[in-house]
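Take a look at the structure below.
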Amino acid sequence: MNTRNKNILAVNGGSSSIKFSLYSGDDPPVKWLSGKITRIGLVNTELTFTNKRTEKNGRLPVKASGIAEAAGTLADWLQEVEGVMPLAAIGHRVVHGLQHRQAALVDDALLDDLRRISAYDPDHLPGEIELIRCFGDRYPHLPQIACFDTAFHSSLPPVARVLPIPRRYAAAGLQRYGFHGLSYSYILEELMRIAGARVANGAVVLAHLGNGASLAAIKDGVSVDTTMGFTPVGGIVMGTRPGDLDPGVLWWLLDKEKLGADGFSQLINRECGLLGVSETSPDMQDLLEKESSDPRAAEAIALFCYQVKKTIGAYSAVLGGLDTVVFTGGIGERSPAIRSRICSGLGYLGIGLNQRANSHNDLFLSADDTRVGVYAIPTDEEWMIAKTVKHFL
C-alpha cells in the first residue's frame, strides 16, 4: 500500500489513559501531532496535544467514562484537526501477543485470541481490545495493525523461555514471553544510531524502569533473557506489581486469605510492589520525597534499586560480560538518584557514573575511567508502532 499523502495513527492504550501520535506516511514516518487522554473514568478527564505543524499545544476537558467513550472522543477530535485525514492505517500497541513473532493485521480471529487471554494483563489488554473495537466500528475499512510487545523476545533461547512446571502446561501457552518489546526495539535502534553497530551488537542490558519495569539482556542485537515472564506481573518489583513471588506465597494467600482468582489478580496487579511495601504510593518521585521521614518509603526504594542492581549482575553472567547499560522509561530517563543507587557498587563490572552528567539527565552517563558505557535514552513506543505499521503496509 502506498502511504504517501496519508497518515499513520499510533495508539498506546492503558486502563485509564490513551496516548496517541500521528505520523506522515514517509519513510521513516515523521511525527507531527501527539497527545493523550488521561484520567479516563475519573473526574477532570482531559485531552492534551502538541501540533508541530501549527506550533500549538492545547489542553481540553473531555467526557470519558470509559475507554469506549474516550476512543470516540479522540476520533471526533482528530476528525476536526486539519491534515489528519486521510489515514493509511491505525497501529496499536498490544502488550501480549502469545506466539506472534511480528505485527499482525487485526481480524476477528486475532480479537478472539486477545479476548481469551485478556485476564493475563488486566491493566492493558482489555483497554487495548476495546480501542481496537471502537476504531474498527468508526473506520470499518481501515487496516488496524497489532504491534506486540512480546514479539521482540521471540528470540529467547529455550532455557530462558521454559517454565519449571509440568511440560503439559506448555501446550496451553504457559511459558516466559517478556514484555516492553516496542520500547526495547526503539532503544536498540537509538543505541545503534548514537553509538554504532559495535556497541548495539555487544553485551547490552536494557532497563525500562517506570510504573511497569523490566530489564532485558541483549547479545548480537537480540533478546536472550528478560525479567518479565508469562505476564507483565513477573520480574522485578514495580509500582503496584510484585515481580517474582515465591509460589508458596500464592498457596498461603489462597489457603489463609481465601482469595479467588479475581481477588488474587486485583492484589498482584494493583496492590503490591512499591505501593504495597510503602503503604503510601506507587510513584517513585513521591517515595523519594518521603524517604527521609518514612522508613517504609525508604525500604520500597531500596528494594527496587537492589533488584535492578542484582539483575544487572546476573545478566552480566548470562551475556558473558557487559559492555553497555541503557536506562529508559520514566524512572530510568528522569531519576538521577535511582540510577546512582543502582550503579553504586557495580564498579567491579566496569560501571561508574559521571555524577554531573547523571544529575543533568545527559544522554551519556559514564565516568571517564570506566569500561562500561551507561546511557539514559528516552523511549518512544508510538514511533516504533508507526514504523512497524509503515513496513507492514
Given D283 and S281, is the side chain to side chain donor-acceptor pair (under 3.5 Å) satisfied, shown in steps? CA-CA 5 Å; D283 184 86; S281 175; 5.1 Å; no

Parallel, tilted or perpendicular: which describes the rings of F135 and Y139, with under 30° parallel and over 60° perpendicular? parallel

Check the pair T328 / H208 against side chain to side chain donor-acceptor pair (under 3.5 Å), numbers first and verdict last. CA-CA 5 Å; T328 192; H208 181 112; 5.1 Å; no

Output field: ring centroids Y120/F230 closer than 6.0 Å: yes

Is there a salt bridge (charged side-chain N to carboxylate O under 4.0 Å, His left out) between K387 and E189 once you walk through the steps? CA-CA 12 Å; K387 180 184 176 185; E189 290 197 5; 2.5 Å; yes

Flag the pair D123 and R270 as a salt bridge only when some basic side-chain nitrogen lies within less than 4.0 angstrom of an acidic carboxylate oxygen. yes

Look at the side chain of N51 and the backbone N and O of L33, then say whether any donor-acceptor pair between them is shorter than 3.5 Å. no

Quick check against the 3.5 Å criterion: does Y315 have a side-chain atom that pairs as donor or acceptor with the backbone of T226? yes

With a 6.0 Å cut-off (strictly less than), is the heavy-atom count around OH of Y306, excluding the residue itself, greater than 12? no

Looking at side-chain heavy atoms only, is the closest gap between I67 and E128 below 4.5 Å? no

Is there a salt bridge (charged side-chain N to carboxylate O under 4.0 Å, His left out) between K6 and D26? Walk through the geometry before answering. CA-CA 9 Å; K6 293 184 178 181; D26 301 316; over 6 Å; no

Inspect the surroundings of CG in D108 and state if more than 12 heavy atoms from other residues, nucleotides or ligands are less than 6.0 Å away. no

Residues T150 and H96: side-chain donor-acceptor under 3.5 angstrom: no

Check whether any side-chain heavy atom of V308 sits under 4.5 Å from a side-chain heavy atom of F304, and report yes or no. yes

How far apart are the C-alpha atoms of L22 and S34, what are their side-chain angles, what is the distance that settles it, and do they pass the side chain to side chain contact (heavy atoms under 4.5 Å, CB included) test? CA-CA 6 Å; L22 210 72; S34 62; over 6 Å; no

Among the clusters formed by ILVMFWY side chains lying less than 4.5 Å apart, do I8 and F148 turn up in the same one? no

Can you find a side-chain donor-acceptor pair between N44 and R39 that sits under 3.5 Å? no

Between Y23 and V30, is there a side-chain heavy-atom distance shorter than 4.5 Å? no

Closest approach of A119 to P122 (non-hydrogen atoms, all atoms of both residues): O-CD, 3.4 Å

More than 12 heavy atoms from other groups under 6.0 Å of CD on E299: no

So which atom in F152 and which in S223 form the shortest heavy-atom distance, rounded to 0.1 Å? CE2-CB, 3.7 Å

If you count every heavy atom of other residues, nucleotides or ligands that lies below 6.0 Å from Q102 atom CD, does the total exceed 12? no

Say whether S154 and Y177, considering side chains only, have a donor N or O and an acceptor N or O under 3.5 Å apart. no

Can you tell whether the side chains of D225 and R176 come within less than 4.0 Å, N to carboxylate O? yes

Any side-chain heavy atom of W77 sitting closer than 4.5 Å to one from F49? yes

Under the 3.5 angstrom rule, does the side chain of D107 hit a backbone N or O of L110 as a donor-acceptor pair? yes

Would you say the side chains of T50 and N57 form a donor-acceptor pair under 3.5 Å? yes

R341 with E291: basic N within carboxylate O range, under 4.0 Å: yes

Do R133 and D137 sit within salt-bridge range, that is, some charged N less than 4.0 Å from a carboxylate O? yes

Does any non-hydrogen side-chain atom of C272 lie less than 4.5 Å from one of L267? yes

Check: T379 side chain, G329 main-chain N or O, donor-acceptor pair, under 3.5 Å: no

Apply side chain to side chain contact (heavy atoms under 4.5 Å, CB included) to residues C147 and V389 and explain how you reach the verdict. CA-CA 8 Å; C147 303; V389 170; 4.2 Å; yes

May I ask you to decide if G25's main-chain N or O and K390's side chain share a donor-acceptor pair within less than 3.5 Å? yes

Under 3.5 Å, is there a donor-acceptor pair between the side chain of N7 and the main chain of L87? no

When rounded to the nearest 0.5 angstrom, what distance separates CD1 in I351 from CG in L365? 11.5 Å

Less than 3.5 Å apart, any donor N or O on the side chain of H92 or Q144 sitting next to an acceptor on the other? yes

Within a strict 4.5 Å, meaning less than it, do heavy atoms of the N12 and I18 side chains meet? no

If every non-hydrogen atom of T370 is compared with every non-hydrogen atom of G350, which pair is closest and at what distance? CB-O, 3.4 Å

Solution key, residues 234-245 side-chain donor-acceptor pairs under 3.5 Å, sequence neighbours excluded:
from : atom 1 : to   : atom 2 : distance (Å)
T240 : OG1    : N269 : O      : 2.7
R241 : NH1    : P232 : O      : 2.9
D244 : OD1    : G235 : N      : 2.7

Any donor and acceptor pair, going by atom type alone, linking the side chain of S265 with main-chain N or O of D262 inside 3.5 Å? no

Is any side-chain heavy atom of L60 closer than 4.5 Å to one of T48? no

side-chain contact (heavy atoms from CB on, under 4.5 Å) with R115: which of D113, I117, L111? L111

Rounded to the nearest 0.5 Å, what's the gap from OG1 on T388 to CG on L393? Could you check? 10.5 Å

Within-4.5 Å side-chain heavy-atom neighbours: I218 and V205: no

When every non-hydrogen atom of D362 is compared with those of A376, the smallest separation belongs to O-CB, 3.8 Å

Are K36 and E46 ion-paired here, with the side-chain N under 4.0 Å from a carboxylate O? no

Residue pair V199 / V204: nearest heavy atoms and the distance that separates them: O-CG2, 3.5 Å

Counting only N and O atoms by type, is there a donor-acceptor contact under 3.5 Å from the side chain of S344 to the main-chain atoms of S340? no

What do the steps show when you test R334 against M284 for side chain to side chain contact (heavy atoms under 4.5 Å, CB included), and what is the final call? CA-CA 11 Å; R334 298 189 290 274; M284 183 61 75; over 6 Å; no

d(I129 CD1, S118 OG) to nearest 0.5 Å is 5.0 Å

Hey, does the side chain of S335 reach the backbone of G332 with a donor-acceptor pair shorter than 3.5 angstrom? no

Quick test of your reading of the model: are D149 and R93 salt-bridged, counting only N-O distances below 4.0 Å? yes

Does anything in residues 311-328 pair up under salt bridge (Lys or Arg N to Asp or Glu O under 4.0 Å), and if so which pairs, sequence neighbours excluded? D323-R371

Side chain to side chain contact (heavy atoms under 4.5 Å, CB included) evaluation trace for T73 with T45: CA-CA 11 Å; T73 298; T45 306; over 6 Å; no

Is it true that a side-chain atom of S366 and a backbone atom of V372 form a donor plus acceptor pair closer than 3.5 Å? yes

CD1 of I187 to CG of L206, rounded to nearest 0.5 Å, is 7.5 Å

